[in-house]
Asks: 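A single structure is presented below for examination.
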Amino acid sequence: MTPEPIEPDTKDWTWVLDRQCPDCGFDPATVHHTQVADTIRGDATDWVGRLGRPGTERRRQPTVWSTLEYGCHIRDVHRIFNHRVQLMLAEDEPQFPNWDQDETAIADGYASQDPATVATELFDAASVVADTYANVPSDAWTRRGLRSNGSEFTVASIAIYHLHDIVHHAHDVDHG
């Protein structure tokens with residue numbers, strides 16, 4: 001059975017770089033970009049536990065992702081952000097390819113994936129991107145990249161933006 005569609009998220013979340021998120025409580029002023037790698041590693045361990053719980057594939061509400069679907073999304077977020085940071089480190093002011101998270105969830109069948117496989121893939125993707133952040137040269141944190149909508153990031157700001165995404169979705173699952 002195909003789950004009900006999720007209303008696409010079309011908000012521009014870049015404001016989370018400047019102020020606390022009222023939904024999840026993430027405050028960018030309380031984290032330094034050099035702390036992101038360790039936080040991602042700890043969060044990945046938490047996701048392995050979340051995805052190991054019974055009923056992870058069931059939605060609590062028909063139009064809100066299940067823990068499994070959120071886990072697939074977080075796995076892919078780690079992959080996307082790793083790619084973007086790698087572009088920023090290798091190229092001058094790259095423009096990031098568009099990524100439609102809602103389209104990906106449908107096309108990749110998030111709701112029908114195996115939770116144990118997703119847990120392993122999420123953990124591995126988190127480890128890769130955490131290593132990427134941990135190995136950013138000190139003079140490269142200011143390198144820039146652009147989204148197609150013109151939003152500009154540095155390696156440091158994209159690390160914080162990435163961290164908010166995973167903190168926010170952990171909050172969605174744990175307190176939703």
Side-chain angles (χ1 to χ4, degrees), residues 2-9 11 13 16 21 23-26 28 31 33-61 63-89 96-136 145 147 153 155-176:
T2 303
E4 287 189 47
I6 303 294
E7 185 173 326
D9 183 358
K11 292 180 251 170
W13 285 87
V16 301
C21 179
D23 297 329
C24 71
F26 179 84
V31 63
H33 57 268
T34 58
Q35 298 170 303
V36 170
D38 288 339
T39 306
I40 286 173
R41 286 186 181 99
D43 181 76
T45 299
D46 293 342
W47 274 101
V48 170
R50 287 181 190 105
L51 289 164
R53 295 177 192 150
T56 192
E57 71 286 344
R58 285 191 304 274
R59 290 182 175 180
R60 288 183 244 180
Q61 299 173 24
T63 58
V64 176
W65 277 346
S66 67
T67 300
L68 172 60
E69 290 167 297
Y70 275 116
C72 291
H73 173 69
I74 294 300
R75 173 202 59 208
D76 291 349
V77 162
H78 290 318
R79 291 172 175 170
I80 293 293
F81 278 83
N82 188 64
H83 178 70
R84 289 178 177 182
V85 171
Q86 293 291 349
L87 283 174
M88 294 168 78
L89 295 172
F96 308 133
N98 286 330
W99 180 54
D100 185 323
Q101 64 187 21
D102 301 300
E103 185 178 292
T104 300
I106 294 166
D108 290 356
Y110 280 4
S112 63
Q113 293 189 26
D114 175 59
T117 300
V118 172
T120 299
E121 292 172 347
L122 185 156
F123 189 87
D124 291 347
S127 296
V128 169
V129 74
D131 287 347
T132 296
Y133 287 128
N135 291 304
V136 170
R147 283 200 319 210
F153 292 92
V155 175
S157 68
I158 207 167
I160 302 298
Y161 187 75
H162 179 182
L163 185 58
H164 168 261
D165 202 339
I166 66 171
V167 167
H168 193 97
H169 292 314
H171 180 268
D172 289 340
V173 168
D174 294 342
H175 304 286

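Predicted, not measured: the structure shown is a model, and the values here were computed from it.
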Asks: With sequence neighbours excluded, tell me which residues meet salt bridge (charged side-chain N to carboxylate O under 4.0 Å, His left out) with D76.
Replies: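 By the salt bridge (charged side-chain N to carboxylate O under 4.0 Å, His left out) rule, D76 matches R79.
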
Asks: May I ask you to check whether W99 and H73 place their ring centers less than 6.0 Å from one another?
Replies: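 Ring-ring flag for W99/H73: true, centres closer than 6.0 Å.
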
Asks: List the residues meeting side chain to side chain contact (heavy atoms under 4.5 Å, CB included) with S66, not counting sequence neighbours, and say none if there are none.
Replies: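 With sequence neighbours excluded, S66 shows a side chain to side chain contact (heavy atoms under 4.5 Å, CB included) to R59, L68, E69, given in chain and number order.
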
Asks: So how far is it from L122 CG to T45 OG1, rounded to the nearest 0.5 Å?
Replies: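 So the gap between those two atoms works out to 10.0 Å.
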
Asks: For H164 and H168, test the side chains for any donor-to-acceptor distance below 3.5 angstrom and give the result as yes or no.
Replies: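 Short answer, yes.
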
Asks: For Q35, is the CD atom crowded, meaning more than 12 foreign heavy atoms sit under 6.0 Å from it?
Replies: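 Yes.
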
Asks: Rounded to the nearest 0.5 Å, what separation is found between the CZ atom of F81 and the CD1 atom of I40?
Replies: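 F81 CZ to I40 CD1: 9.5 Å, rounded to 0.5 Å.
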
Asks: Does any N or O in the side chain of T56 come within less than 3.5 Å of the main-chain N or O of G52, such that one atom is a donor and the other an acceptor?
Replies: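 Not at all, since once roles are kept as given, no pair shorter than 3.5 Å links the two residues.
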
Asks: Can you find a pair of side-chain heavy atoms, one from Q86 and one from T132, that are under 4.5 Å apart?
Replies: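 Yes, close enough: below the 4.5 Å cut-off.
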
Asks: Using the salt bridge (Lys or Arg N to Asp or Glu O under 4.0 Å) rule, collect all pairs that involve residues 156-172, keeping only residues at least two apart or in two chains.
Replies: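 Found none.
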
Asks: Could you give the distance from CG (L163) to NE2 (H33), rounded to the nearest 0.5 Å?
Replies: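 Going from the CG atom of L163 to the NE2 atom of H33 covers 12.5 Å.
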
Asks: Between T117 and Q113 (side chain of the first, backbone of the second, donor and acceptor by atom type, cut-off under 3.5 Å), is there such a pair?
Replies: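 Absent.
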
Asks: Quick one: salt bridge (charged side-chain N to carboxylate O under 4.0 Å, His left out) partners of D108, sequence neighbours excluded?
Replies: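 Residues passing salt bridge (charged side-chain N to carboxylate O under 4.0 Å, His left out) with D108: none at all.
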
Asks: If you compare all heavy atoms of L87 against all heavy atoms of P97, which two are closest, and at what distance to 0.1 Å?
Replies: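 Of all heavy-atom pairs spanning L87 and P97, the closest is CD1-CD, 4.2 Å.
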
Asks: Are the side chains of V173 and W65 in contact, using a 4.5 Å heavy-atom criterion?
Replies: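 No - every pair of side-chain heavy atoms lies 4.5 Å or more apart.
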
Asks: Considering all heavy atoms of both residues, which atom of I160 and which atom of P28 are nearest to each other, and what is their separation?
Replies: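 Closest pair (atom of I160, atom of P28, distance): CG2-CB, 3.9 Å.
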
Asks: Mind listing the closest non-hydrogen atom pair of F26 and V31 along with its distance?
Replies: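 Scanning both residues completely, I find the closest heavy atoms to be CZ-CG1, 3.9 Å.
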
Asks: Just so I know, are the side chains of V64 and Y70 near enough to count as touching, which here means a heavy-atom distance under 4.5 Å?
Replies: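 Yes, at least one pair of side-chain atoms sits under 4.5 Å.
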
Asks: Residues in side chain to side chain donor-acceptor pair (under 3.5 Å) with E121, at least two apart?
Replies: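 Per chain and number, E121 pairs via side chain to side chain donor-acceptor pair (under 3.5 Å) with R75.
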
Asks: So, H162 and Y133: side-chain donor and acceptor under 3.5 Å apart, yes or no?
Replies: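 On atom types as modelled, these side chains qualify, holding a pair under 3.5 Å.
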
Asks: Of the non-hydrogen atoms in A130 and A37, which two are nearest, and what is the gap between them?
Replies: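 Closest pair (atom of A130, atom of A37, distance): O-CB, 3.3 Å.
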
Asks: Quick one: are T67 and C72 in side-chain contact, heavy atoms under 4.5 Å?
Replies: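 Not touching, per the 4.5 Å side-chain cut-off.
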
Asks: Let me see the working for F96 and M88 under side-chain contact (heavy atoms from CB on, under 4.5 Å), right down to the final yes or no.
Replies: CA-CA 9 Å; F96 308 133; M88 294 168 78; 3.6 Å; yes

Asks: Would you say the side chain of F153 lies within less than 4.5 Å of the side chain of V85, judging by non-hydrogen atoms?
Replies: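 No, their side chains stay 4.5 Å or more apart.
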
Asks: Are the side chains of D124 and V128 in contact, using a 4.5 Å heavy-atom criterion?
Replies: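 Contact flag for V128/D124 side chains = no.
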
Asks: Side-chain contact test, heavy atoms from C-beta onward, threshold under 4.5 Å: evaluate it for W47 versus V118 and give yes or no.
Replies: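 Heavy-atom side-chain distance check fails, nothing below 4.5 Å.
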
Asks: Per the salt bridge (Lys or Arg N to Asp or Glu O under 4.0 Å) rule, what does the pair list look like for residues 41-53, sequence neighbours excluded?
Replies: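 Of all non-adjacent pairs touching residues 41-53, those that pass salt bridge (Lys or Arg N to Asp or Glu O under 4.0 Å) are D38-R41, R41-D131, R50-D174.
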
